[in-house]
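Structure record follows, encoded as structure tokens.
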Amino acid sequence: SVELNPVLLQLEWLLGTWESDEPGEGSFPSINPFRYTETLHFSHVGQPVINFMFNAFHATSKKPLHRECGFIRLQPGTNRVAFIIAQNSGLVEIEEGELTGQQLNLQSLALARTSFAKEPHVQQISRVFQLRPDGKLEQTVSMATDNQPLMQHLHITYHRSS
Ligand code: HEM
């Protein structure tokens, strides 16, 4: 296996595969609450970049739903982190924020979408990843749309599967 680029040492705890524990909870004022499962893969090829894929499924039907993939960069010598993300819904985003201990706090800096993306359009995203003391990883995602202010859409907990 390729040696980890030293720029990524602070994020080594994220690498690997994570599977949702209990199904995650999805909600928003304009939709019916739902449950989902999700697998996260974080890998590297020796570059100062983490590659990731997130694949989410309906909790009971197991139907594939949301998918995201992208890259994570750290500004060398700082705790500044950038996520570069493409979503299957036709949305692309840059999120930036800070790594504090084993918590990542991110805010969207730029969002763009296909000309025919479904409405309402997302206007802002914020998310938190946190490695808990019990070794579980937690992700919380909030969003603002054309119709709603910034509000929680997703909350889920994962255990490491490899
Ligand atoms: C609905 C965005 C991740 C499942 C929505 C809506 C938006 C949205 C804008 C429509 C809200 C409305 O009608 O007012 C996003 C963004 C995500 C994300 C930006 C990631 C950052 C996920 C994930 C799942 C999911 C991981 C897991 C399965 C759903 C479902 C609905 C929904 C089931 C309601 C039905 C539908 O409109 O398709 N999401 N979503 N979303 N989202 Fe997400």
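Counting convention: from 1, in listed order, for ligands and their atoms alike.
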Task: Identity and distance of the protein heavy atom lying nearest atom 25 (C) of ligand 1 - done: Phe34 CZ, 3.6 Å

Open item on the list: Is there a continuous path of hydrophobic side-chain contacts, each under 4.5 Å between heavy atoms, that joins Phe71 to Leu91?
Closed with: no

- [ ] Scan side-chain atoms only and decide if Thr39 and Glu19 contain a donor-acceptor pair under the 3.5 Å cut-off.
- [x] yes

- [ ] Answer with yes or no whether Pro120 contacts ligand 1, where contact means a heavy atom under 4.0 Å from a ligand atom.
- [x] yes

- [ ] Among all protein heavy atoms, pick out the one at the shortest distance from atom 12 (C) of ligand 1; state its residue, atom name and that distance to 0.1 Å.
- [x] Ser30 OG, 3.2 Å

Task: Protein residue, atom and distance nearest to atom 28 (C) of ligand 1, heavy-atom basis - done: Leu65 CD1, 3.5 Å

Open item on the list: Could you measure the distance from the CD atom of Gln124 to the OG atom of Ser142? Nearest 0.5 Å is fine.
Closed with: 9.5 Å

Open item on the list: Is the contact between Asn32 and ligand 1 made by the side chain, the backbone, both, or neither, using heavy atoms and a 4.0 Å cut-off?
Closed with: neither

- [ ] Using heavy-atom distances, let me know which of Ile125, Ile156, Val141 sits nearest atom 19 (C) of ligand 1.
- [x] Ile125

TODO: Give the numbers and elements of all ligand 1 atoms closer than 4.0 Å to a heavy atom of Arg127.
DONE: 21 (C)

TODO: Check the side chains of Glu138 and His155 for a donor-acceptor pair under 3.5 angstrom, ignoring hydrogens and angles.
DONE: yes

- [ ] Give, for atom CH2 of Trp18 and atom CZ of Phe52, the distance between the pair rounded to the nearest 0.5 Å.
- [x] 15.5 Å

TODO: Can you pull out the closest protein heavy atom to atom 35 (C) of ligand 1? Residue, atom name and distance to 0.1 Å, please.
DONE: Ile31 CG2, 4.8 Å

TODO: May I ask you to say whether Lys136 pairs ionically with Asp134, meaning some side-chain N is under 4.0 Å from a carboxylate O?
DONE: no

Task: Closest to atom 21 (C) of ligand 1 (judged by heavy-atom distance), picking from Gln124, Gln87, Gln123, Arg35 - done: Gln87

TODO: Considering heavy atoms of the protein only, find what lies nearest to atom 43 (Fe) of ligand 1 and give residue, atom and distance to 0.1 Å.
DONE: His153 NE2, 2.2 Å

Open item on the list: Could you check whether any side-chain heavy atom of Arg132 comes within less than 4.5 Å of a side-chain heavy atom of Thr157, counting everything from C-beta outward?
Closed with: yes

Task: Carboxylate-amine/guanidinium proximity below 4.0 Å for Glu93 and Arg127 - done: yes

TODO: Classify the contact between Met143 and ligand 1 as side chain, backbone, both or neither, using a heavy-atom distance cut-off of under 4.0 Å.
DONE: side chain

Open item on the list: Are Phe42 and Phe54, when compared by the centres of their aromatic rings, separated by less than 6.0 Å?
Closed with: yes

TODO: Would you mind finding which of His66, Lys118, Glu68 brings a heavy atom closest to atom 36 (C) of ligand 1?
DONE: Lys118

TODO: Using a strict 4.0 Å cut-off to heavy atoms of Val122, name the atoms of ligand 1 that fall inside it.
DONE: 9 (C), 19 (C)

Task: Proximal atoms of ligand 1 relative to Tyr36 (non-hydrogen, under 4.0 Å) - done: 27 (C), 28 (C)

